[in-house]
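In what follows, chains are A, B, ... by sequence order, proteins preceding strands, each numbered from 1.
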There are 2 protein chains.
Amino acid sequence: MANEDANAPKAAELIQLLLRASHYIQHEFEAQLVALDMPVQLSGPRLRLLLTVWKSDTIRMNELAIKLGLKARTITEHVDSLESDGLITRIPDPKDRRATLLQLTEEALTHVSRVRYIQEQISERLLQSFSAEQSKDLYELLTLFFDGKEIDFVC
Amino acid sequence: MANEDANAPKAAELIQLLLRASHYIQHEFEAQLVALDMPVQLSGPRLRLLLTVWKSDTIRMNELAIKLGLKARTITEHVDSLESDGLITRIPDPKDRRATLLQLTEEALTHVSRVRYIQEQISERLLQSFSAEQSKDLYELLTLFFDGKEIDFVC
DNA sequence: TATTGTTATACTCTATAACTATA
DNA sequence: TATAGTTATAGAGTATAACAATA
């Protein structure tokens, strides 16, 4: 009764498979991250924020919210926490006294570089069944999703 | 200084792109779901639970926890909520008086079928830039991630 | 003794609304 | 008047630990 949908549409199946692959990958990343046994807890969202600040070197909280697709309040929340963990610094924006710039601390830079290394390792392991050409094909196919759209969001 | 990594490893880039595509897709699904304007709120996790119960027709809370990769406590939480929304029913398992079977209500079945229809629509739209062959290629490439691994988790 | 699900409790992530300070 | 970030508050999702009922 429930599973009568034998000739299910290919489109939905393909999308499901892609999401499944993505969840699987994220699961691997998270598992490896806790295995890293960092002095501070670097969850997915916290890490994503750190990496985004890192890429910009210095960035307004405002702009960060937009890039991450989060609300200002959420950025304040994370930054409070990351600041008290000694990972991020608030700097008054000299050009606009309402604004606040964010910058990573030395400690955060160390963590980021470690995490990035691990991410490379995991990525390579995840792609071990792929030939160079298959990787290239997959990359090009995935680009088709963003056909025409401007995508900026990170991680 | 921060972005000196010009020749970044292809593997990490490809994985990032896949995750980005996945986030984009999930975003589309969530947006369409709220646009459906259902009588009850069907968030991602709640929907995933409903769909998993639906696929099994009837399932133990226990088994559901494993399939979804969640803890028993979390299942109790969701089921309490879905039950009070009239979407799910707890049935004592006749074979084991410790266990509880879950089943969808008629109302939930209506919602599930509507949601599945929408998911097909969105999936087709997301794949509009793909030729039949490109879809097939993508599907086969994605399968490589699960090379040898037994993957069951849904949605 | 082990397993199923629950009560009690808590943490993380995210957000809305009202407010302060600046622009 | 509009914008940047904060305080106060809340809701969703998930989990650990202790426990009850049953196996």
Side-chain angles (χ1 to χ4, degrees), chain A residues 23 26-27 30-31 33-34 38 40-53 56 58-85 87-103 153-155, chain B residues 23 26-27 30-31 33-34 38 40-53 58-85 87-103 153 155:
Chain A
H23 290 153
Q26 280 183 274
H27 209 263
E30 295 266 351
L33 264 182
V34 302
M38 294 279 209
V40 288
Q41 202 228 351
L42 290 183
S43 64
R46 280 160 64 94
L47 197 51
R48 198 166 148 249
L49 193 154
L50 289 182
L51 285 168
T52 310
V53 175
S56 301
T58 205
I59 188 172
R60 275 197 193 185
M61 294 181 72
N62 191 21
E63 199 186 335
L64 183 59
I66 294 166
K67 276 209 179 172
L68 293 176
L70 299 173
K71 298 299 176 187
R73 183 62 187 87
T74 307
I75 302 298
T76 300
E77 188 72 25
H78 280 296
V79 170
D80 283 351
S81 158
L82 290 166
E83 194 174 36
S84 85
D85 282 346
L87 296 177
I88 217 166
T89 315
R90 281 181 165 100
I91 304 169
D93 187 341
K95 292 177 190 155
D96 185 340
R97 296 206 325 222
R98 293 170 305 179
T100 304
L101 294 172
L102 299 177
Q103 192 166 37
F153 57 94
V154 215
C155 313
Chain B
H23 289 153
Q26 279 182 274
H27 208 263
E30 294 267 352
L33 265 183
V34 302
M38 295 276 208
V40 287
Q41 203 228 349
L42 291 182
S43 63
R46 280 161 64 95
L47 198 51
R48 198 167 148 248
L49 194 153
L50 289 181
L51 286 168
T52 309
V53 176
T58 202
I59 188 172
R60 277 196 192 183
M61 292 182 73
N62 191 19
E63 199 187 336
L64 183 59
I66 294 164
K67 277 209 179 172
L68 294 176
L70 299 174
K71 298 298 176 190
R73 183 62 188 89
T74 309
I75 302 298
T76 300
E77 188 72 24
H78 281 297
V79 170
D80 284 351
S81 157
L82 290 165
E83 195 175 36
S84 86
D85 282 346
L87 296 176
I88 218 166
T89 316
R90 279 181 166 98
I91 304 169
D93 187 340
K95 293 175 191 160
D96 186 340
R97 295 205 326 221
R98 292 170 305 179
T100 304
L101 294 171
L102 299 176
Q103 193 166 37
F153 58 94
C155 314

Whole-Å distance between [N] [atom2] and [X] [atom1]?
X: B:Asn62; N: D:dT22; atom1: CG; atom2: P; answer: 17 Å
X: A:Gln41; N: C:dA10; atom1: CD; atom2: C1'; answer: 14 Å
X: B:Leu102; N: C:dG5; atom1: CG; atom2: C1'; answer: 11 Å
X: B:Ile59; N: C:dG5; atom1: CD1; atom2: C1'; answer: 15 Å
X: A:Arg60; N: C:dA23; atom1: CZ; atom2: P; answer: 10 Å
X: B:Asp80; N: C:dT6; atom1: CG; atom2: C1'; answer: 9 Å
X: A:Arg48; N: C:dC13; atom1: CZ; atom2: P; answer: 12 Å
X: B:Leu68; N: D:dG13; atom1: CG; atom2: C1'; answer: 13 Å

With a 4.5 Å limit on heavy-atom distance, are the side chains of B:Ile88 and B:Leu49 in contact?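 Heavy-atom side-chain distance check passes, below 4.5 Å.
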Check: A:Arg90 and A:Asp80 side chains under 4.5 Å, non-hydrogen atoms: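 Contact flag for A:Asp80/A:Arg90 side chains = yes.
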Could you check A:Leu87 against A:Leu42 for side-chain contact (heavy atoms from CB on, under 4.5 Å), going step by step and ending with a plain yes or no? CA-CA 10 Å; A:Leu87 296 177; A:Leu42 290 183; 4.0 Å; yes
Taking any heavy-atom pair under 4.0 Å as a contact, classify [X]: base, sugar-phosphate, or nothing.
X: B:Ser81; result: nothing
X: B:Asp93; result: nothing
X: A:Thr76; result: base

Mapping A:Arg46 and A:Lys95 to their closest nucleotides on DNA chain C, which lands nearer the 5' end?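 Its nearest nucleotide being more 5', the pick is A:Arg46.
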Looking at [N], I'd like to know if its phosphate oxygens (OP1 or OP2) sit under 4.0 Å from a side-chain N or O belonging to [X].
X: B:Arg97; N: C:dT3; result: no
X: B:Arg90; N: C:dT6; result: yes
X: B:His78; N: D:dA12; result: no

Reading nucleotides 15-21 of chain C from 5' to 3' and marking B where a protein heavy atom lies under 4.0 Å of the base, S where only the sugar-phosphate is that close, and - otherwise, the string is BB----B
Test log, rule side-chain contact (heavy atoms from CB on, under 4.5 Å), inputs B:Ile75 and B:Leu68: CA-CA 9 Å; B:Ile75 302 298; B:Leu68 294 176; 4.2 Å; yes
Hey, is the main chain of B:Ile91 close enough, under 3.5 Å, to the side chain of B:Thr100 for a donor-acceptor pair?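 The answer is no, because no donor-acceptor pair under 3.5 Å joins these two groups.
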Under the side-chain contact (heavy atoms from CB on, under 4.5 Å) rule, what do A:His23 and B:Gln26 come out as? Steps first, then yes or no, please. CA-CA 11 Å; A:His23 290 153; B:Gln26 279 182 274; 3.8 Å; yes
Decide yes or no on salt bridge (charged side-chain N to carboxylate O under 4.0 Å, His left out) for B:Lys95 and B:Asp93, but give the supporting numbers first. CA-CA 5 Å; B:Lys95 293 175 191 160; B:Asp93 187 340; over 6 Å; no
